[in-house]
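In this text, all values refer to a predicted model and were calculated from it rather than measured experimentally.
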Amino acid sequence: MSSKIPNEVLNNGAKIPMLGFSSWGWGETGKGIIEQAVKDAIDLGYRYIDTAPINGNEEEVGNAILAKIEEGVVKREELYIVGKLWNPKAFHDPALIKDELLSTLRNLNLTYLDLYVIQCPEGEVQNVNDTWHEMEKLIDNFIIKSIGVSNFNEDQINYLLTSARCTPVTCQFDCHPYLTQKEMSKFCRSKNIAVTVYNPFGSSALLEDPQIESIAQTYRKTPEQILLRYQIQRGHIAIPISISKMKLRENMDIFKFELKSPDMLALGKLDRNKNYSSLNALSYERMKLKLCFRR
């Protein structure tokens, strides 16, 4: 099945699907499940697969990708595969970055990544600019095609840009109607950096919100579909955590309808500045307080 998912053009000219599959959140509990979910996603037309070593399932994702390529369902060049640099040691020693990347490539059965993202570290970082420069070299060596960031704020991105040769193609962060991130989204747009939303459903609280449920009933859609469509109409790329084939298929249906302006405004007014991912919230606060850039 060919993909029905439209693409966004990044600042380096590369195309990225507006909707992807995220392997985050399953880890060891997803053994066997995540591999089948990736296979189902590719069969349905998903081409963007987002992974990270911390997810604990890179090998399963890699097995699924290899299986679908060998079956002739998809070609490698038709896929957009994203990996993450998350090991705190690599932030202190950029010389370790290539080894981290090669480990991810081995796990995924790939020779290159379409995008490599600095995932917000859990340890204190002394010099992300050096880390970024090392990642730029990996583009020169054709091991990765694009580089991006996750959970960086405006000041951190601005400082990164003072010495960066390559502007981040995207910034990934938590975003949903309870955490609209309007200023950050506007800032990224001003820098020609695409926004990728990794937690568009927020939590079960959003799925049970009366206003979101009401809007879903109006359109005869699920709350998840409304939340995804909200992001797409904001110009955001969305990588929800969904693994059932039914939900994966429903996610793709968001390109068959549009939310009217009053409903978009109503969803935006639900903002509570509420981050439901405690790990990401903690990492983000650590980064704001401890990240020290150096020219």
Taking all heavy atoms of I254 and all of I232, pick out the closest pair and write down the distance. CD1-CG1, 3.6 Å
Does the Lys NZ or Arg CZ of R220 fall within the cation-pi geometry relative to F257 - under 6.0 Å from the ring centre and within 45° of the axis? no
Is the NZ atom of K68 crowded by more than 12 outside heavy atoms at less than 6.0 Å? yes
Would R47 and Y80 count as a cation-pi pair here, with the cationic atom under 6.0 angstrom from the ring centre and within 45° of the axis? no
Side chain to side chain contact (heavy atoms under 4.5 Å, CB included) with P223: which of L207, L228, L206? L207
Report yes if some heavy atom in the side chain of N251 is under 4.5 Å from a heavy atom in the side chain of P240; otherwise report no. yes
Using a 4.5 Å cut-off on heavy atoms from C-beta on, say whether the side chain of N153 contacts that of F187. no
Chi angles and distances behind the salt bridge (Lys or Arg N to Asp or Glu O under 4.0 Å) call for K256, D253: CA-CA 6 Å; K256 297 179 180 179; D253 285 342; 3.3 Å; yes
Surrounding CG of N273 (heavy atoms of other residues, nucleotides or ligands, distance under 6.0 Å), is the total greater than 12? no
K186 vs E183, salt bridge (Lys or Arg N to Asp or Glu O under 4.0 Å): CA-CA, chis, key distance, verdict: CA-CA 5 Å; K186 181 180 179 181; E183 291 303 315; 5.2 Å; no
Report the C-alpha separation of R165 and D140 in whole Å, then their side-chain angles, then the decisive distance to 0.1 Å, and conclude whether the salt bridge (Lys or Arg N to Asp or Glu O under 4.0 Å) test is met. CA-CA 11 Å; R165 176 162 51 90; D140 297 336; 3.0 Å; yes
Run D263 and Y219 through side chain to side chain donor-acceptor pair (under 3.5 Å) and show every step you take. CA-CA 11 Å; D263 295 317; Y219 290 87; 2.5 Å; yes
Give a yes or no on whether K39 atom NZ has more than 12 heavy-atom contacts from other residues, nucleotides or ligands under 6.0 Å away. yes
Do Y48 and N7 meet the criterion of a side-chain donor-acceptor pair at a distance under 3.5 Å? no
Less than 4.5 Å apart, any side-chain heavy atom of S103 and any of R106? yes
